[in-house]
Asker: 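For reference, the structure I am asking about is given below.
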Amino acid sequence: MAVSTEKISVHSMADLKNTSDDAIPAYLNSLKFTQSHTLSDTRLALGYSAFVICAATFYWDYKLGFESTKHYTTIAVALYALLNGILTYWIWGVERGSVYIGTNKAGERIEVSSKTEKYTPIYNLSVTTVRKGGKRETVSIKKPFNAWFDKAGHFVALPFQQMLASGVKVVGEADPTKVVEGKKKVAKVEDGETQSMDEKWASLLAESSGVSLDDVAASPAATPGGRKKRGKKA
Amino acid sequence: MLSALQNPRQAAAQILNFGLILSTAFMMWKGLSVIADSPSPIVVVLSGSMEPAFQRGDLLFLWNRNWFEETKVGEIVVYNVKGKDIPIVHRVVRKFGVGDEAKLLTKGDNNVADDTELYARGQDYLERKDIIGSVVAYIPFVGYVTILLSEHPWLKTVMLGIMGLVVVLQRE
């Protein structure tokens with residue numbers, strides 16, 4: 001299981017959200033989605049051109065003095081205010097918490113945006129996919145941060161990736177091993193450092209629904225004779 | 001968190017955040033400057049020559065447009081002596097003539113003599129164009145920070161450095 005070596009403070013909402021936001025492009029790009037940087041590039045272009053106008057104004061004023069550059073300064077200030085206004089609108093209205101926009105090789109598009117409410121440690125993801133044939137679908141995923149951060153503040157990649165793969169069909173198709181069927185349980189299985197994550201899911205499912213492990217779809221580690229033993233352990 | 005800076009776009013965005021804070025502050029200053037038509041629309045009183053009206057460290061707001069009437073006797077004006085960069089805040093005590101060519105004499109309330117000795121060599125009076133604004137409002141004592149910063153210039157670098165560090169490392 002990939003556990004990050006960096007620790008963050010689990011009490012800091014900003015850290016939790018930012019680390020999770022950073023993990024999404026890393027994961028999706030590793031699944032061979034091509035990230036589209038148009039949103040962030042436009043924002044950078046707007047911001048830096050406003051900054052350049054400011055720098056030019058500073059330079060003229062420094063070299064030529066106030067009186068002679070008064071009119072240029074007026075125009076520059078107006079332009080700067082306009083660009084800043086557009087930038088603010090861009091961040092608030094167009095970007096709107098967007099974390100990742102990309103397309104996969106088949107030309108299907110995925111747009112992920114994230115949101116958190118103040119003082120509530122739940123990660124709200126809104127994922128819009130446009131599939132082949134133009135079908136647009138939006139999925140909303142809500143999970144508490146403690147599903148993929150351990151107590152010390154390390155980021156654990158697997159449950160995070162499973163959440164994405166199970167919640168969004170396009171991601172699940174790109175990474176089928178991470179798709180987990182059935183109800184997700186928050187309860188952790190105490191024993192079983194020997195059990196892999198998939199085996200734990202499988203055993204929990206088996207107990208709750210009384211189905212034999214063979215019938216559970218996404219459990220590659222399922223073994224036929226193991227059911228009774230596992231039941232006793234839990 | 002620092003590893004996030006390895007992504008060049010993210011680093012660019014962080015630097016932009018810091019740069020925008022600086023540039024917005026500068027542009028607000030310039031905007032005020034252009035509206036008040038003064039190269040320095042906010043000045044700090046540096047000496048006690050206008051006591052008891054203004055003390056050292058007071059912040060003064062200037063207006064340099066004569067919309068309602070000409071600069072008249074009794075107004076408190078700020079001017080730079082020709083060739084020097086120090087703003088002097090004194091009161092107009094005499095005016096000879098009208099319009100832009102009027103000759104103005106100034107004197108600090110707390111000074112014994114008028115400003116004739118302060119003017120540049122050969123200059124006996126001020127003209128309207130020498131004045132960078134008339135005082136229209138003031139906040140007492142707030143400007144003392146500026147006096148500290150100018151007397152201890154290393155403070156400026158320290159403040160800017162701390163600000164920069166805080167903004168770049170924080171992503172809120």
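Labels below follow one simple rule: chain letters A, B, ... track the order of the sequence lines, proteins then strands, and each chain is numbered from 1.
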Asker: Side chain, backbone, both or neither: which part of B:I15 has an atom under 4.5 Å from a heavy atom of chain A?
Answerer: both
Asker: Under a 4.5 Å heavy-atom cut-off, does chain B meet the side chain of A:A76, its backbone, both or neither?
Answerer: both
Asker: Could you check whether atom NZ of A:K70 has more than 12 heavy atoms from other residues, nucleotides or ligands sitting under 6.0 Å from it?
Answerer: yes
Asker: So for A:T74, is it side chain, backbone, both, or neither that comes closer than 4.5 Å to the heavy atoms of chain B?
Answerer: both
Asker: Got more than 12 heavy atoms from elsewhere within 6.0 Å of CE, B:M159?
Answerer: no
Asker: Count the heavy atoms of every other residue, nucleotide or ligand shown that sit under 6.0 Å from NZ of A:K169, and state whether that count exceeds 12.
Answerer: no
Asker: Do you know which two heavy atoms are closest between A:D22 and B:Q10, and how far apart they sit?
Answerer: OD1-NE2, 3.8 Å
Asker: Could you pull out the closest heavy-atom pair between A:D41 and B:R9, with the gap in Å?
Answerer: OD1-NE, 2.7 Å
Asker: Say you draw a straight line from NZ of B:K30 to OH of A:Y72; how long is it, rounded to the nearest 0.5 Å?
Answerer: 16.0 Å
Asker: Counting only non-hydrogen atoms closer than 4.5 Å, does A:Y48 touch chain B with its backbone (N, CA, C, O), its side chain (CB onward), both, or neither?
Answerer: both
Asker: Just checking A:Y123: does its OH atom have more than 12 heavy atoms from other residues, nucleotides or ligands closer to it than 6.0 angstrom?
Answerer: yes
Asker: Does anything in residues 56-63 of chain A get under 4.5 Å of chain B by heavy atoms, and if so which residues?
Answerer: A:T57, A:F58, A:D61
Asker: In terms of heavy-atom contacts, does NZ of B:K107 have more than 12 from other residues, nucleotides or ligands at under 6.0 Å?
Answerer: yes
Asker: Can you say whether B:S40 sits under 4.5 Å from chain A via the side chain, the backbone, both, or neither, judging by heavy atoms?
Answerer: neither
Asker: Applying side-chain hydrogen bond (donor to acceptor under 3.5 Å, both in side chains), name anything that partners B:R56, two or more places apart in sequence or on another chain.
Answerer: B:E151
Asker: Tell me, for A:I53 versus chain B, whether the close heavy atoms (under 4.5 Å) come from the side chain, the backbone, both or neither.
Answerer: both
Asker: To the nearest 0.5 Å, how far apart are OH in A:Y80 and OG1 in B:T24?
Answerer: 3.0 Å
Asker: About how many Å separate CZ of A:F66 and CG of B:D37, when rounded to the nearest 0.5 Å?
Answerer: 5.5 Å
Asker: Just wondering, are more than 12 heavy atoms of other shown residues or ligands nearer than 6.0 Å to CD in A:E67?
Answerer: yes
Asker: Tell me, yes or no, whether the heavy-atom count around B:R94 atom CZ, taken from other residues, nucleotides or ligands under 6.0 Å, exceeds 12.
Answerer: no
